[in-house]
Amino acid sequence: MLPKQYRLKNKSAFNATYRVKNSTHLGGVTLFAGILKKDADTDTRVGFVVSKKTHKRAVKRNRLKRLMRESYRLLLKENNLYNSQNYMSLIFVGGDHALDKNFAEMQNIIKTLIQRL
RNA sequence: UAAAGUAAUCGAAUAAUCGCGCCCUUGUUAGGGUGAGGAAAGUCCGUGCAUUCAAGGACAAACAGCCGGAGAAACUUCCGGACGGCGUGAGCCGGUGGAUAGGACCACAGAAAUGCGAGCAAUCAAGAACUGCCGAUGGACGAAAGUCACAGGCGAUGGUGCAACGGUGAGGUAAGAGCUCACCAGCGGUAUUGAGAGAUACCGGCUAGGCAACCCCCUGUAGAAUGCAAGGUUAAAUUGAAGGCUAUAAAGGCUGUCCGCCAACUUCAGAAGAACCGCUAGAGAUUGGGAGUAAUCCCAAUACCAGACAGAUGAUUAUUUAGAAACAGAACACGGCUUAUGAGUUACUUUAUUUU
RNA sequence: GCGGGGGUAAUUCAGUGGUAGAAUGCCUCCUUGCCAAGGAGGAUGUCGCGAGUUCGAGCCUCGUCUCCCGCU
């Protein structure tokens with residue numbers, strides 16, 4: 001789990017990010033990026049979403065979210081996020097195809113998505 | 001040895017590195033503690049808790065259903081028993097009040113499906129014989145034997161159907177029928193026995209179809225509705241558009257529906273968008289002892305054991321069981337039910353086979 | 001988390017406990033030089049699944065799977 005200052009919190013923030021319509025997709029994971037930062041001191045906030053339509057069982061959905069979150073955390077720790085930190089917010093949405101991925105595959109997907117920004 | 005039945009248990013472990021929620025300490029970045037389930041699930045029953053309503057009239061409406069007990073806030077819960085069904089058996093299953101309060105339904109077939117019911121009338125054909133059975137009694141014909149679509153008696157046999165108005169056998173009769181008898185089933189009564197459901201025995205009359213997981217009747221129980229997104233406290237803010245503002249309509253409230261009554265605002269869009277309480281010490285957990293066939297109850301000791309709000313248990317590596325561990329994730333709390341669940345382990349019991 | 005509604009032919013939907021239907025679509029034939037339209041005929045169903053009640057369930061009862069909607 002990420003520290004609180006990196007988390008995307010409320011619904012209007014999510015909606016504002018979706019409305020920008022800047023998205024890219026790979027391996028069942030879709031990345032949405034928000035507007036560019038106005039102030040360079042604020043942290044980039046990240047949300048992780050797996051819909052109930054993706055899978056019915058909470059355990060599987062939690063597992064996918066944790067894998068995505070852990071991949072992002074390790075990249076953040078290595079300070080290896082390229083220019084993604086220029087955005088105010090990021091949202092990762094997990095789909096059906098991402099359910100069976102293991103950690104190594106997931107980490108490659110997240111890394112590639114971030115590089116595309 | 002194999003195949004079964006019942007009950008119980010377990011629900012991976014250890015280490016390293018990088019991380020997260022909450023609490024405490026320190027005092028500004030560290031240390032310590034703690035951190036999902038037996039079903040947390042389905043939301044099928046309940047309960048606590050919270051808010052609202054409980055002016056009037058009319059109509060409608062829930063759940064349970066053998067007996068005794070247990071717990072108790074309550075139940076579609078549990079335990080023990082009765083009865084019925086299934087199984088070779090250990091055992092398992094059961095929504096198990098009433099069909100003589102009344103109504104509805106019982107397709108097709110069948111004379112007939114609960115209606116005291118096999119009908120009545122007419123025509124044609126065939127005829128060696130036959131129109132469901134009989135035709136004792138009466139009638140007709142005949143010398144008689146006998147004959148008859150006769151009057152009349154009967155519902156057995158055959159056949160239909162899931163089901164045919166008790167069943168089987170014997171007597172009885174012209175043929176038959178509980179007409180009579182025996183046994184069985186069912187109904188009513190009496191006696192004995194049991195706490196009771198019930199069981200057993202005897203007697204009586206002589207017959208009552210199924211369906212209440214259709215309406216209904218009986219008995220019993222419960223104020224109703226909405227759910228923590230309930231609800232409360234503090235602080236701040238209150239933008240735009242449309243309708244209405246006279247009337248009508250729509251929508252709102254009176255908490256099942258309608259009538260009737262009341263009130264004045266209603267709808268849509270936008271938002272980088274406060275915090276706290278409710279919130280977890282409990283019909284609780286673990287261990288030990290006692291009572292009871294059991295469900296369960298009583299007593300003592302011990303510790304405090306998730307509390308988030310885009311929502312915490314993860315990732316990687318190594319070792320081990322079994323090279324790769326099932327079903328599955330708390331969201332106000334609790335009791336129960338139902339469903340999902342890998343590899344095993346333990347106890348008791350049954351059946352079959354083999355050996356001694 | 002809480003509450004509500006559905007599942008019947010390829011599709012959209014009807015369907016009092018008694019032989020499963022309609023429309024569109026599909027196939028064949030007729031009509032036409034050809035196509036469309038029109039006409040005639042035909043095929044197509046685990047009534048989501050599993051039990052129970054009943055003589056007999058699409059329908060009644062219970063369980064289960066799945067889809068959709070509403071409430072912040």
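Treat the numbers as computed from the prediction; the structure is a model and nothing was measured. Naming convention: chains lettered A, B, ... in sequence-line order (proteins, then strands); numbering from 1 in each chain.
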A:Arg69 has its side chain closest, among B:A310, B:G311, B:A328, to B:G311
Looking only at B:A312, B:U316, B:C18, the nucleotide nearest the A:Leu74 side chain is B:C18
Here the distance between atom C1' of B:G19 and atom CG of A:Leu67, to the nearest Å, is 14 Å
How would you label the contact of A:Ser71 with the nucleic acid (heavy atoms, under 4.0 Å): base, sugar-phosphate, or nothing? nothing
For B:G56, the nucleotide meeting Watson-Crick or G-U wobble distances (both under 3.5 Å) is B:C259
Using Watson-Crick geometry (N1-N3 plus N6-O4 or O6-N4) or G-U wobble (N1-O2, O6-N3), each under 3.5 Å, C:U16 is paired with none
| field | Presence of A:Arg66 side-chain N/O under 4.0 Å of B:U313 phosphate oxygens OP1/OP2 | value | yes
Side-chain contact check for A:Ala58: nearest option of B:G329, B:A272, B:A310 is B:G329
Taking a pair to mean Watson-Crick or G-U wobble geometry with both distances below 3.5 Å, B:C332 pairs with B:G48
A:Leu90 CG to B:A310 P, in whole Å, measures 18 Å
Rounded to whole Å, the CG-P distance (A:Leu76 to B:C20) equals 11 Å
As its Watson-Crick or G-U partner within any shown strand, both distances under 3.5 Å, B:U338 has B:A41
Per nearest nucleotide of RNA chain B, the residue lying toward the 5' end, A:Phe103 or A:Lys65, is A:Lys65
**Study point:** B:G188 to B:C206 separation - C1' atoms, rounded to the nearest Å
**Key:** 12 Å
* Looking only at side-chain N and O atoms, does A:Arg73 come under 4.0 Å of OP1 or OP2 in B:G19? -> no
Next item on the list: Can you tell me, in whole Å, how much space there is between the P of B:C150 and that of B:A122?
Entry: 14 Å
